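Take a look at the structure below.
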2 protein chains.
Amino acid sequence: MNTYTDLLRLHNLKATPQRVEITYALDTYGHLSIENLYEMLRNKFSSISLATIYKNINIMIENAFIQEVKIPHAKSVYELTKATHSHLVCEECKKVEDITLDLQNLSVTASQYSHFQINSANLVFSGICQECQK
Amino acid sequence: MNTYTDLLRLHNLKATPQRVEITYALDTYGHLSIENLYEMLRNKFSSISLATIYKNINIMIENAFIQEVKIPHAKSVYELTKATHSHLVCEECKKVEDITLDLQNLSVTASQYSHFQINSANLVFSGICQECQK
DNA sequence: CTCTGTGCAAAGCGTTTGCAAACGA
DNA sequence: TCGTTTGCAAACGCTTTGCACAGAG
């Protein structure tokens, strides 16, 4: 019984080979677009359909198994649901990285100014990664 | 000579009545979706085409006159380009508000951890606005 | 007067849906 | 076995494009 199979079942998702592969790809590469996933899965399942990717992404989002990350000036990527964190996007190579920052104080300040009851904060930094700075 | 006409020309955009109206709507309502804009402009120009809205939004973005705001779990809205700021979205009534916060310290921290050269930070809070809390 | 913008219709593209066959539990 | 998932094809909805006419400068 493999880890991805268990992980899928924990989220009430049947462990089909296609789903295990999507999970593996997201776990390994961190952040992938629909197109990325389609290309990767085609290597393993030559006749896989884009519809299968979409159906699975949608049901995985519904079951809180994965999350969509909206990126300024670029298409969305998807990631396995983990502890709350922020993102960094390289404007050069388009790589997306996670970063854990404490946004508590900021949220409190925002709440005080706006009188919103704040439930979540979505933060994406854009810049140039270390490799692309060279 | 009206203000919106001047503002458009400052950004190298010809001041057509349609563009003046888009500018007026964004200035007045702050954040509008394509659909919002289409509905509003139809009141003034009954035969306006969606293509005109799209063409103008795109050229206005290219000329840095307006900006797209990507919102988690919702469609994008557009706003006039102003000083850098963050956003609050009400999960109930979907209203979008601006908030100016100092993200300098956070950006420096993120840069130190990630070794990214950070150029901008995009922050969207989700929550419940004051009116919807009642 | 010249060049750009508008409105319309058609095309394009990413995403969703319906269905029969295959598959997981 | 039963209900769910897959792959295919068609449908859908949002966005873009091409073109002729209208309008801004």
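Note that this is a predicted model, so its numbers are computed, not measured.
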Atom pairs, protein N/O to nucleotides 17-22 of chain C N/O, distance under 3.5 Å:
{"from": "dG18(C)", "atom 1": "O6", "to": "K55(A)", "atom 2": "NZ", "distance (Å)": "3.0"}

Can you give me the N/O atom pairs linking the protein to nucleotides 21-25 of chain D at distances under 3.5 Å, or say none if there are none?
{"from": "dG25(D)", "atom 1": "OP1", "to": "R9(B)", "atom 2": "NE", "distance (Å)": "3.0"}
{"from": "dG25(D)", "atom 1": "OP1", "to": "R9(B)", "atom 2": "NH2", "distance (Å)": "2.8"}
{"from": "dG25(D)", "atom 1": "OP1", "to": "A15(B)", "atom 2": "N", "distance (Å)": "3.3"}
{"from": "dG25(D)", "atom 1": "OP2", "to": "R9(B)", "atom 2": "NH2", "distance (Å)": "2.8"}

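Scored by the side chain to side chain contact (heavy atoms under 4.5 Å, CB included) test, A25(A) finds L32(A), L37(A), M40(A) as partners (sequence neighbours excluded).
Between Y38(B) atom OH and dG7(C) atom C1' there is a gap of 10 Å when expressed in whole angstrom units. Rounded to whole Å, the distance from CD on E35(B) to P on dC14(D) is 7 Å. Separating the CG atom of N12(B) from the P atom of dG5(C) is a distance of 11 Å, rounded to the nearest angstrom. Going from atom CG of L8(B) over to atom P of dT4(C) covers 17 Å, rounded to whole Å. A straight line from CD of E39(A) to P of dG14(C) spans 12 Å, rounded to a whole angstrom. Remark: P of dG5(C) and CD1 of I57(B) are 14 Å apart, rounded to the nearest angstrom. To the nearest angstrom, C1' of dT5(D) lies 12 Å from CD1 of I22(A). The distance from atom CZ of R19(A) to atom P of dT4(D) is 11 Å, rounded to the nearest whole Å.
Residues Q18(A) and N56(A) have side chains that never bring a donor and an acceptor to within less than 3.5 angstrom of each other. Side-chain atoms of N36(A) and S33(A) form a donor-acceptor pair, as typed in the model, at a separation below 3.5 Å.
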Exercise for the section: Could you walk me through whether H87(A) and D98(A) pass side chain to side chain contact (heavy atoms under 4.5 Å, CB included), step by step? Expected result: CA-CA 5 Å; H87(A) 293 101; D98(A) 291 345; 3.1 Å; yes
Practice task
Evaluate side chain to side chain contact (heavy atoms under 4.5 Å, CB included) for L106(B) paired with L103(A), printing each intermediate quantity in order.
Solution key: CA-CA 9 Å; L106(B) 207 61; L103(A) 304 182; 3.4 Å; yes
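Of the listed residues (T81(B), L80(B), I22(B)), just one forms a side chain to side chain contact (heavy atoms under 4.5 Å, CB included) with M60(B), and that residue is I22(B).
In this model, the phosphate group of dG7(C) is approached by a side-chain N or O of Q18(B) to a distance below 4.0 Å at OP1 or OP2. Contact check, N56(A) against dT5(D): no side-chain N or O comes under 4.0 Å of OP1 or OP2.
For F45(B), the CZ atom sits in a packed shell: over 12 heavy atoms of surrounding residues, nucleotides or ligands are nearer than 6.0 Å. Counted within 6.0 Å of OH on Y24(A), heavy atoms from surrounding residues, nucleotides or ligands total 12 or fewer; the atom is thus considered open.
Note on S47(A): only backbone sugar-phosphate atoms sit closer than 4.0 angstrom, heavy atoms only; bases stay farther off.
Each of K75(B) and I59(A) lies near DNA chain D, and the nucleotide nearest I59(A) is the one positioned closer to the 5' end.
In plain terms, the two heavy atoms of I118(B) and F125(A) that are nearest each other are CG2-CD2, 3.7 Å.
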